[in-house]
Amino acid sequence: MSSRDRDKFRSYPSGNAKRQKKNIREKSLNKMRGSFNKYINYKFDTPSSSIEIDNEVEINKLQTERNNSGNDFIINTVNDYDTTDYIENDKFDTPSSSIKIDNEVEINKLQTESNNSGNDFIIDTVNDYDMKNIENDKFDTPSSSIKIDNEVEINKLQTESKSSSNDIIINTVNDYDMTDIGCWPEIINNDFRKELIKLGPIQVKSYNFPQSEINGELRRFNPTLYDKRLDNGDVIKRNWLVYSKFKDRAFCFCCKLFDSHSTGNLSKNGINDWRHIGERLKSHEITIPHYTSLQSWIELKQRISELNTIDKLHLTKLNAEKKHWHDVITRILAVIHFLAKNSIAFRGSNDVLYQDNNGKFLSAIEMLSKFDPVIQKHVKRIKDKETHVHYLGHRIQDELIEIMANEVRKSIINLIKKHRYYSVIIDCTPDISHQEQVSLVFRIVNMHWDKLTEPSIQELFMDFVNIHSTSGLSLSNLLISKLAEYEIPLSDCRGQGYDNGSNMVGEYQGVQSRIRAQNQRAFFAPCAAHKLNLLLCDVSQSCIRAISFFGMIERVYTLFSASTKRWDILKKHCSIVLKKWTATRWESRYKCVKAIRDQLPEVLNALEEIAECSNDPKSVSEAKSIIDELMSFEFVLSLVIWHDILGQVKIVNRILQDPKMDLDASASSLGSLITFLEKYRTNGFENAKLVGIEIVESIGGTANFKEKRPRKKKKMFNYESNDEYTISSEEEFRRDYFLILIDRATEALRVRFEYQSTFNSNFGFLYRIGKLKHQNDDFIKNCCNDLQNVLSEGNSRDINGADLYMELLIFRSIVDENATPLQALSFLKNVSSSFQNIEVAIRIMLTIPVTSAGAERSFSKLKLIKNYLRSNLSQHKLSDLALISIEHSIADSLSYNETIDQFASKKIRKKIFK
C-alpha cells in the first residue's frame, strides 16, 4: 500500500495534531476534575465563599494520592441537582455562591481514569434525590445556582460503565418521578420512554394552582385548558397537555417524549405565560413537529399494547435463540449422563458426525436427530455450516462430566457435614494400566431429617486416587490430605474399615494406628468378609485330603475348559456350567462345589463321552482318572461336607457385605456360624454320610470306604508286636479329615473375630435397648460411664454418661424388646430432643463399618470404566465417571438447569444459555 493510500485511513493528519488534541482533552479533564473535587471538599460553614479554580494540576495529585490510598473515589455528578433550569429560592450557608459547569463530556474520561486506578467509582445521578420536593428544600447557601450546559454525556457515561472492570454505581432514570413531567430528565432513553407511555399523561385538575404576577396581574394555570372548544360548541380533549407541580409550567407530553421533533418551549422547559397560554397552545398544536411527535406517540403506544415494539421483536428472537441453545445443552447433558451412569465409552476413533467409528456419544446425537426437533435443527445447522459452535467436542464433554461429578461430590460432602459423624473405608487395587488405584468410601447414618423416610446406613463412594506407594505412611497422608481438601474434619471420624493387609492393620506403622494417633475415637474394625475368606483358605489347607479335594475340583474344570469341544459336551449334559475356583473370590469355592454336587451324574456322563469319543490320548486318560475319583465314596462324602460348610459361610458372608450391616447384626451372624459348626461336629458326619450314600447309589457306585492295606513290620525280636494298630477307613476319614476341618474352622472364627468382643463390651448394651428393662440399673450405669470414657478425648466428649443413663431408664420401657438399633433410631427421630445422648450413641455405633465391601464394589466399576480399550483414561475423568456411575441416585436428582448455569458461568461462552 502506498503512502497516499495509507493516508486515507489516518485518524489524524499528523502526530503533532494527535498530541495537540490529546493535550486539549487532558486540560479539559483537569478542569472538570478540579471543579468536582473542589465541590466535594467545599466547606459550607464559611460565609461569602466562592468556588474558583486557578490551578488544576494539584487536583491530579490529590486524585493520585486517593487512588494510592485504596479509598473509594466518589463523585456526585451534576445530575444530583435540577438539570433543567437554575434552582431558585435554594438556601446555602455561603452567600452568592455559584457553580457553573461548562462541559460534561469529560466525565467519560474521568470515569476511564478511575477504572485504571482500581478503585470503586461511584456516581450518584439525579435519581438519588427527590425531584418532587426539591422546591421546598433549604440549603445552607442562599442564592445558589447550578447550571449545566450539556447533559448528553451522562448516558454515555452509563454505557461505558457497563464495560468497566471496576464497581460503578449509577442510579438510572427509573428512579425519577414519572408522574411529574417537570422531574423528567433532559435526555429520555428508550426504556424510560416506554414506561412513560405505559403510564400515560397525567393531567392535574384537583389542585390549588399557585399564582404568579404577570404585568401587575395575578394569573395561574386553568384546568379548562385541557379542553379545546370549537366554534360549533364541540369539546376536544387535549390529552397531550400536562401540568408540572414542580415547575409550575405547562408541557406538551408527546413533544417532551420525542423532543427531537420539536423545538418549542412546550417540549423543552415548558411555559408559564398564563396570560397568553391559550394563544400559545393554539399555535403549538398546529405545528408540524407537534403532529410528528403526536403520531410517534400514538404508534409507539399501539405497538406497546400489542407487544410489537422493535426491542420486543429483538428480545423475542434473542430468547428463542437462548432457548434453542439451552435445549441443546440439556439434551447433550442427558446423553452424557446416560453414558456415564451405565459406564459406557464416549469416543471412538473419529469425532465427526455421520462418519464411521465416531463413538457412542455422537451416535446417540445422530439417533436423537431422527425424531427430536431441537437436535435435528442443531445438526442441520452443523451440516449446512451455519454455525461452527456445536458443543459436541470431547473437551465440552469433559467439562460437563466434571461439573456433574463436582455437583455429586458436593452433595455427598454436604451430607457428611450435616450428619457430622462418619467412617472411612479404603482399599487398593491395580487397574488395567498397572496403576495402583485407591478407593475412598465414606459411611454415615443418614437421618433424613427433612423427609419422612426412615434413617438408613449409607456407604458413599467419593474418589479414585492414583498412588505410587501403598505403605501405611503414604495411605494415611493421602487420607488426611483428602479430608482437608473436602473440608471434612478428621476429629469427627468414628470408624476405619480396611482389609487385613499389614500396611492397613499394623499396630505401629499401619494406617489405622497413624489415624488413631491423631484421633483416638476413630475405631478400627478389620474387614469381616476378608477375615472369613482367610478362614476358608486356612481350613482348605488344613490337611492333605482337603488339598486333594480342591485339586480334583480344579482338574475337572481344567479338562472341560481347555477345549471348546469338550465345553460343548459339558453344556449338552449340564444345565449349570462348572465354575473356576479362585482364592480372591469370596464365593467361588461354594459355587464350584455346588455345580458338581448338584449335577454329579451329568458331569460323569460328560466325562464318559469324552473318554469314548476323544482322539486325544491324554484327554481320554485324564477323563478316566477323574471318573474313578468322582465315583469314590470318599470324594462324594467330602463333596457333601464342604457343600454344607461353605453354604453356611456364604450366607454369613453375604450378610456381612450388606452396606447396612452393623456391629449387632455381624456379631449375631458370626455367633450363629460358630453355633452351626459346633452342632455339625456332633451329628454332621452321620447326616453327610446318609446324603453321600444316596448320591453314590444314583451314579451306580458303592458306598464303601477304600480299605488300606495294613502295613506289616519286619520283626527283629520275638517280643515285638506283629503289626501296628489299625482302625477302620471310615473312622480314619472322620478323625483325620472331618474333625480337623470343623475344629480348625471353629478355632479360626474365635481367633480372627476376637476384636468383636471389644465393640461388644463398649456398645453391646445398645444392641437391644428394650431388653435393658431386665438388667440391673448399676450395670446400665457402669456401661454408660464406660461408653463416655471411650467416646471422650481430652476435653471433648460425644455423650454425657449420666444423661445417657437417665435417658435409658425411660427409653427402655418405651421401645420394643426386639427392636434393632436402626429401629430404635427411627423412633428417636421424632423425639430426638428428649433422648439426644441415646441418638448420638446409636449413630456412632452404626457408623463403625463391619466390612470394606463398599470399596471392593467400586473396583467392579473401575474395571468396567477403565478397560483395555480405555486404558489411557485420565485419572480425573476416571474418578468423575466412577462417581456418577456409582452414586447414580444422587446424580439422577441433580437439576440440569443448575449444571447449565455453572457451565455458562465457568468461562465466557460463544452462546447464551441463561
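When reading the values below, keep in mind they use all heavy atoms of this one structure, side chains included, and skip hydrogens, waters and symmetry mates.
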Is [X] salt-bridged to [Y], cutoff N-O under 4.0 Å?
X	Y	value
Arg750	Glu678	yes
Arg597	Asp644	no
Arg443	Glu459	yes
Glu608	Lys624	no
Glu634	Arg545	no

Nearest 0.5 Å please: distance from the [atom1] atom of [X] over to the [atom2] atom of [Y].
X	Y	atom1	atom2	value
Thr429	Leu862	OG1	CG	7.0 Å
Glu609	Ile569	CD	CD1	4.5 Å
Leu630	Ile695	CG	CD1	12.0 Å
Arg768	Gln775	CZ	CD	14.0 Å

State whether the number of non-hydrogen atoms from other residues, nucleotides or ligands found under 6.0 Å of [X] atom [atom1] is greater than 12.
X	atom1	result
Lys650	NZ	yes
Arg516	CZ	yes
Glu731	CD	yes
Lys773	NZ	yes
Ile544	CD1	no

pair [X]-[Y]: side-chain heavy atoms closer than 4.5 Å:
X	Y	result
Phe763	Asp664	no
Tyr805	Asn785	no
Val603	Cys574	yes
Ile742	Phe685	no
Cys537	Arg589	yes

Are Arg555 and Glu622 close enough, and set up right, to give a salt bridge (charged side-chain N to carboxylate O under 4.0 Å, His left out), and what steps lead you there? CA-CA 9 Å; Arg555 286 177 62 191; Glu622 183 73 8; 2.9 Å; yes
Member of Asn760, Leu808, Asn782 meeting the side chain to side chain contact (heavy atoms under 4.5 Å, CB included) criterion with Phe765: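 Testing each of Asn760, Leu808, Asn782 against Phe765, the sole residue satisfying side chain to side chain contact (heavy atoms under 4.5 Å, CB included) is Leu808.
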Criterion side chain to side chain contact (heavy atoms under 4.5 Å, CB included) against Val652, the qualifying member of Leu656, Val649, Ile655: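 Single pass found, and it is Leu656.
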Taking atom types as modelled, find out whether [X] and [Y] have a side-chain donor-acceptor pair closer than 3.5 angstrom.
X	Y	value
His573	Gln599	no
Gln657	Asn653	yes
Asn503	Tyr498	no

Would you call the rings of [X] and [Y] parallel, tilted or perpendicular, where under 30° means parallel and over 60° means perpendicular?
X	Y	result
Phe705	Phe633	perpendicular
Trp567	Tyr557	perpendicular
Trp642	Phe549	parallel

